[in-house]
Number of protein chains: 2
Amino acid sequence: MTQGEATQFRTLCEQAGLAVTHQRQVIYEVLCSIEGHPSPEEVYARVKRSIPSVSLATVYKNLHLFINSGIFEQVSLHHGSMRVETNQTRHHHLLCTSCKTIHDIDPEVLGLPEVPRELPGGFRMERLAVDVLGICARCQAREAAEPGTIQ
Amino acid sequence: MTQGEATQFRTLCEQAGLAVTHQRQVIYEVLCSIEGHPSPEEVYARVKRSIPSVSLATVYKNLHLFINSGIFEQVSLHHGSMRVETNQTRHHHLLCTSCKTIHDIDPEVLGLPEVPRELPGGFRMERLAVDVLGICARCQAREAAEPGTIQ
DNA sequence: ATGTGTGCAAATAATTTGCATTGAC
DNA sequence: GTCAATGCAAATTATTTGCACACAT
């Protein structure tokens with residue numbers, strides 16, 4: 001990690017109210033350097049190269065801290081278990097990042113245009129899944145009433 | 001289930017090469033009647049009302065069969081584990097439904113317009129996450145070479 | 001010194017699998 | 001009759017938690 005990156009990391013920790021530990025710094029460094037969309041196990045394996053004694057629990061705890069602090073994001077919000085789409089009409093989703101609820105939304109409301117079926121690289125599109133991430137009205141009201149409760 | 005629904009279910013099973021069993025029919029019926037985005041456990045609980053002896057394993061097996069046959073969809077593709085987004089630049093995802101790989105794509109390529117920050121119902125948008133679901137070039141080639149291998 | 005962070009092991013949750021039995025075709 | 005589907009229990013996989021000790025502030 002360069003000096004600039006280390007400084008940036010310290011700033012991020014300060015803003016998030018997190019202590020600057022060696023493990024945390026290596027996890028951050030691994031995330032920055034890794035290509036793709038790593039799972040906790042993959043991050044753990046890489047961190048282990050620098051810190052053989054690191055535990056998987058520490059990786060999980062720090063990933064959650066990073067995500068809750070907005071330092072990193074998840075690829076798509078996880079609900080712990082699989083969810084089946086029972087609404088057979090074409091629609092997209094409003095996903096509240098605070099209370100994790102999913103609401104359906106009509107594609108018209110978003111006003112998205114048609115996307116080409118054939119994309120660069122030869123990928124053939126079959127369906128567009130749009131998640132609108134944000135804060136639902138209920139959580140906005142809750143946040144206004146009790147500031148600091150939104151994660 | 002009405003007679004028409006039962007007939008439709010038989011047709012779907014025939015197309016997918018699935019036997020028409022009582023359990024399978026009740027699971028289908030529950031999925032059609034349920035609002036929202038149920039988890040396997042929720043489906044199981046409802047099916048149990050009609051068939052107390054049903055097992056959770058049967059529910060899982062049938063949900064996968066339905067999803068693989070295209071009779072239902074998942075809310076968002078699950079990778080079994082959480083995935084961290086390490087690409088800090090704004091982008092969307094190409095998701096191959098055959099090999100499950102995720103590739104990043106520039107928002108420009110999709111040509112999506114700006115979406116209003118405030119949506120009906122008071123939802124405040126913070127981010128738009130777009131997943132383009134389809135078949136990647138590699139899997140298209142594989143399918144051309146060995147038809148029937150795409151799930 | 002104080003409290004947060006870490007590592008470990010155990011606990012829990014989610015899902016899958018093997019296998020004997022049942023039921024659809 | 002034949003083979004796919006089911007139920008059950010055990011196995012796996014993913015994630016979380018409690019707690020004693022170490023380290024950052």
Side-chain angles (χ1 to χ4, degrees), chain A residues 6-7 9-30 37-45 47-69 71 74-84 100 151, chain B residues 6-7 9-30 37-45 47-69 71 74-84 100 151:
Chain A
T7 306
F9 175 68
R10 287 181 167 275
T11 308
L12 288 169
C13 284
E14 197 169 330
Q15 288 170 348
L18 301 174
V20 179
T21 67
H22 185 217
Q23 286 80 339
R24 187 163 288 161
Q25 185 150 347
V26 172
I27 292 169
Y28 175 81
E29 190 177 345
V30 162
H37 308 89
S39 64
E41 282 285 354
E42 286 170 309
V43 176
Y44 172 59
V47 173
K48 239 181 156 160
R49 293 183 199 163
S50 306
I51 313 176
S53 65
V54 77
S55 76
L56 182 56
T58 296
V59 171
Y60 267 101
K61 286 167 188 169
N62 279 293
L63 292 181
H64 285 134
L65 287 171
F66 286 161
I67 288 164
N68 289 334
S69 311
I71 297 174
Q74 293 187 62
V75 166
S76 57
L77 296 214
H78 285 258
H79 283 81
S81 65
M82 161 190 181
R83 297 304 181 94
V84 185
K100 317 294 184 198
Q151 346 204 332
Chain B
T7 305
F9 176 67
R10 286 181 168 275
T11 308
L12 288 169
C13 283
E14 197 170 331
Q15 288 170 349
L18 301 175
V20 179
T21 67
H22 184 218
Q23 286 81 340
R24 188 162 286 161
Q25 184 152 346
V26 172
I27 293 169
Y28 175 81
E29 190 178 344
V30 161
H37 309 89
S39 65
E41 282 284 355
E42 287 170 309
V43 176
Y44 173 58
V47 172
K48 243 185 153 155
R49 294 183 199 163
S50 306
I51 312 175
S53 65
V54 77
S55 77
L56 182 56
T58 296
V59 170
Y60 267 101
K61 285 168 188 169
N62 279 293
L63 292 181
H64 285 133
L65 288 171
F66 286 160
I67 288 165
N68 289 333
S69 311
I71 298 173
Q74 293 188 61
V75 167
S76 58
L77 296 215
H78 285 258
H79 283 78
S81 66
M82 160 189 181
R83 297 303 182 93
V84 185
K100 316 294 183 200
Q151 347 205 331

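In what follows, chains carry the letters A, B, and so on, assigned in the order in which the sequence lines appear, proteins first and then strands, with residues in each chain numbered from 1.
In this structure, CD1 of B:Ile27 is placed 12 Å from P of D:dA5, rounded to the nearest angstrom. Per the geometry, OH belonging to A:Tyr44 stands 10 Å off C1' belonging to C:dG7, to the nearest Å. Look at CG on A:Leu65: it is 17 Å from P on D:dA24, rounded to the nearest Å. One can place CD of B:Glu42 at 15 Å from P of C:dA13, the figure rounded to the nearest angstrom. Between A:Tyr28 atom OH and C:dG5 atom P there is a gap of 17 Å when expressed in whole angstrom units. Straight-line distance from the CZ atom of A:Arg83 to the P atom of C:dA13: 15 Å, rounded to whole Å. Per the geometry, CG belonging to A:Leu63 stands 14 Å off P belonging to C:dG5, to the nearest Å. Atoms CD (A:Gln25) and P (C:dT4) sit 21 Å apart, rounded to a whole Å.
A:Val26 pairs with exactly one of A:Val43, A:Val59, A:Val47 by the side-chain contact (heavy atoms from CB on, under 4.5 Å) rule, that one being A:Val47.
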Pairs under 3.5 angstrom, nitrogen or oxygen only, protein versus nucleotides 22-25 of chain C, please.
from, atom 1, to, atom 2, distance (Å)
C:dC25, OP1, B:Val20, N, 3.2

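The minimum heavy-atom distance between A:Met82 and B:Pro40, with the atom names listed, is O-CD, 3.2 Å. Heavy-atom minimum distance, A:Cys13 versus A:Ala19: SG-O, 4.2 Å.
Listed by chain and residue number, B:Asn62 satisfy the side-chain hydrogen bond (donor to acceptor under 3.5 Å, both in side chains) test with B:Arg24 (two or more places apart in sequence, or in another chain). For the side-chain hydrogen bond (donor to acceptor under 3.5 Å, both in side chains) test, no residue two or more places apart in sequence or in another chain qualifies with B:Gln23. Legend: residues meeting side-chain hydrogen bond (donor to acceptor under 3.5 Å, both in side chains) with B:Thr21, ordered by chain and number and at least two apart, are absent. Contacts of A:Tyr60 classified as side-chain hydrogen bond (donor to acceptor under 3.5 Å, both in side chains), with partners at least two apart in sequence or in another chain: none.
Side-chain contact annotation: B:Glu14 with B:Thr11, donor-acceptor N/O pair under 3.5 Å absent.
The phosphate of C:dT6 has OP1 or OP2 within less than 4.0 Å of a side-chain N or O from A:Arg24. Contact check, B:Gln23 against D:dG7: a side-chain N or O comes under 4.0 Å of OP1 or OP2. At D:dG7, one or more side-chain N or O atoms of B:Ser53 fall inside 4.0 Å of OP1 or OP2 (strictly under the cut-off).
Taking the six-membered ring where tryptophan is involved, the planes of B:Phe9 and B:Phe66 are perpendicular, since the angle between them exceeds 60° and thus also 30°.
One end of the helix from C:dA1-D:dT25 to C:dC25-D:dG1 points its axis 40° away from the other end's axis, with each axis taken from 5 pairs and the angle rounded to 10°.
Atom CD of residue B:Glu42 and atom NE2 of residue B:His37 lie 11.0 Å apart, to the nearest 0.5 angstrom.
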How does each nucleotide of nucleotides 15-20 of chain D score, in 5' to 3' order, for protein heavy atoms under 4.0 Å: base (B), sugar-phosphate only (S), or none (-)?
BBBB--
Per-pair distances, 0.1 Å, donor-acceptor, side chain in residues 49-57 of chain B, under 3.5 Å, sequence neighbours excluded:
from, atom 1, to, atom 2, distance (Å)
B:Ser55, OG, B:Thr58, N, 3.2
B:Ser55, OG, B:Thr58, OG1, 3.0

